[in-house]
Amino acid sequence: MSAIFWVLWFFIAFVTVLVAFTLRKENEDTPRREILRAVESTGKMGFAERSFLWVFSWLDTRFRIEDYWAMSRDAYYNVHRQMPMTHAEKYKLRIIWYWYPLYCLGGISFLAFIILIISGTVLGIFYVPGGDGDPSPAYLSMQFIMTELPFGYIIRSVHHWATHFMVASVFLHMCRVYFTGAYRNPRELNWLIGVSLMFFTIFFGYSGYLLPWDSLAFGAATIGINMANSTPLIGGWVANAMFGGTSLSYQTVTRMYFLHVFILPVVVTALIIIHLFIVWVQGIAEPH
Ligand code: HEM
């Protein structure tokens, strides 16, 4: 069995190399030359680049990788030359200028996020994430920020209002994308990333709402933990992961602090970078 296997593979490899060599055109001024020239003048190149170019040119001299790559690229662009038509193009919508201002809502969401990161970092210096005792260290630290820290109440207010602003602008941005049909092919992935950004934005707001550990926070936490506990099958697990237990305790504050300050910023920043990168690559859907 194994002998036949090897003979067969050897035969296939032999025929492949034979076909590649037969198809090979001699004396062509293809990028191969440039690659070889680059390899020859590798004085300023690092080891990694030199090795890569050497391997690439070795393979390309024998198997014309560059040519086949160019052929498949041309074939691809022949088929996909046309981007799918947008809503405006398809229905020949001309009176769409009044949509223009709504195209800044994504940018406004981004701006709000930057303001939140900066003001949140300042608040984080003075906030104490402890929920034990009455009043709790968390509550006392908020009181300190509001009454004693110079400009503390302004920084907290900026953080507070920027949150409202971000939730509203992300939601309106989503509506704009929906009503201009910009979620369609080829932007489905960015729509899905957007949906998760909407979810994380709301969760960001909720986790921050609990941090002062005042009566408002306690009320909101009670609703949240009851909702988490009543999730079918995984209720206990969800409550543990989000609230640090199946009933409210001092751990709820530390857990929310951890989510609000460590997990969510990393996840949301990464998602926004991917979201904007995709917008940059695909361009804005319309109007063209
Ligand atoms: C943190 C939240 C978000 C930020 C910072 C953000 C940012 C942006 C920006 C700057 C653009 C460029 C066009 C514009 O500004 O309108 C954009 C486009 C887009 N966004 Fe968002 N976005 C967010 C949330 C969302 C949500 C919730 C959705 C949908 C569920 C979404 C889906 C899209 C799509 C599909 C596009 C492409 C639209 C087009 O090409 O016209 N984004 N986003």
Side-chain angles (χ1 to χ4, degrees), residues 77 80-124 155-211 220 224 227 242 256-288:
Y77 281 117
H80 298 276
R81 190 177 289 150
Q82 189 76 47
M83 285 278 272
M85 269 202 274
T86 66
H87 194 69
E89 285 169 332
K90 196 163 166 191
Y91 299 105
K92 300 197 172 23
L93 299 178
R94 289 282 167 264
I95 331 164
I96 141 165
W97 56 267
Y98 50 79
W99 284 101
Y100 284 15
L102 303 180
Y103 279 70
C104 68
L105 285 165
I108 290 178
S109 312
F110 183 61
L111 185 68
F113 184 65
I114 301 288
I115 294 172
L116 283 165
I117 294 287
I118 296 168
S119 55
T121 308
V122 179
L123 287 177
I155 293 167
R156 188 176 172 211
S157 304
V158 166
H159 199 69
H160 179 97
W161 284 106
T163 305
H164 285 307
F165 217 69
M166 179 162 172
V167 173
S169 60
V170 169
F171 179 74
L172 292 174
H173 168 61
M174 185 174 74
C175 294
R176 189 290 279 172
V177 170
Y178 179 76
F179 286 114
T180 51
Y183 55 85
R184 295 179 191 184
N185 175 7
R187 294 180 176 81
E188 311 92 329
L189 177 65
N190 227 11
W191 172 263
L192 292 179
I193 293 174
V195 171
S196 59
L197 275 171
M198 181 83 245
F199 167 79
F200 283 124
T201 306
I202 292 169
F203 190 49
F204 231 134
Y206 178 72
S207 55
Y209 197 67
L210 301 199
L211 294 185
M227 285 169 71
M242 282 176 53
M256 280 296 154
Y257 176 73
F258 180 69
L259 292 172
H260 190 79
V261 171
F262 293 100
I263 304 290
L264 287 173
V266 173
V267 173
V268 172
T269 305
L271 285 174
I272 289 180
I273 290 173
I274 299 173
H275 192 68
L276 297 186
F277 178 75
I278 295 178
V279 172
W280 179 61
V281 170
Q282 296 185 327
I284 305 284
E286 58 192 283
H288 291 300

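Just follow the structure's listing: the first ligand is 1, and inside any ligand the first atom is 1. Atom set for the values below is all heavy atoms of this structure, side chains included, hydrogens, waters and symmetry mates excluded.
Residue-to-ligand polar distances place Arg187 within reach of ligand 1: an N/O pair is separated by less than 3.5 Å. Remark: ligand 1 and His173 share an N or O pair separated by less than 3.5 Å (distance only, no angle test). Checked by distance only, ligand 1 and Ser109 stay at 3.5 Å or farther apart across all their nitrogen or oxygen atoms. Polar contact check, Met174 against ligand 1: no nitrogen or oxygen pair lies under 3.5 Å apart. Where the criterion is an N or O separation shorter than 3.5 Å, residue side chain and backbone included, Tyr103 meets it with respect to ligand 1. Any N or O atom pair closer than 3.5 Å counts here, and His275 shares at least one such pair with ligand 1.
Counting the atoms of ligand 1 from 1 in the order shown, those under 4.0 Å from a heavy atom of Arg176 are 13 (C), 14 (C), 16 (O), 38 (C), 39 (C), 41 (O). The contact set between ligand 1 and Val195, taken as ligand atoms under 4.0 Å from a residue heavy atom, comprises 30 (C).
Of all the heavy atoms of Thr180, none lies under 4.0 Å from any atom of ligand 1, so neither backbone nor side chain is involved.
For atom 39 (C) of ligand 1, the nearest non-hydrogen atom from the set Gly283, Gly106, Ala285 belongs to Ala285. When the heavy-atom distances from atom 10 (C) of ligand 1 to Leu192, Thr201, Leu276, Val167 are ranked, the shortest goes to Leu276.
Residue contacts with ligand 1: Gln282 is excluded, as none of its non-hydrogen atoms falls under 4.0 Å. Distances shorter than 4.0 angstrom do not occur between any heavy atom of Phe113 and any atom of ligand 1.
Here the side chain of Arg187 pairs a donor or acceptor atom with the backbone of Gln282 at under 3.5 angstrom.
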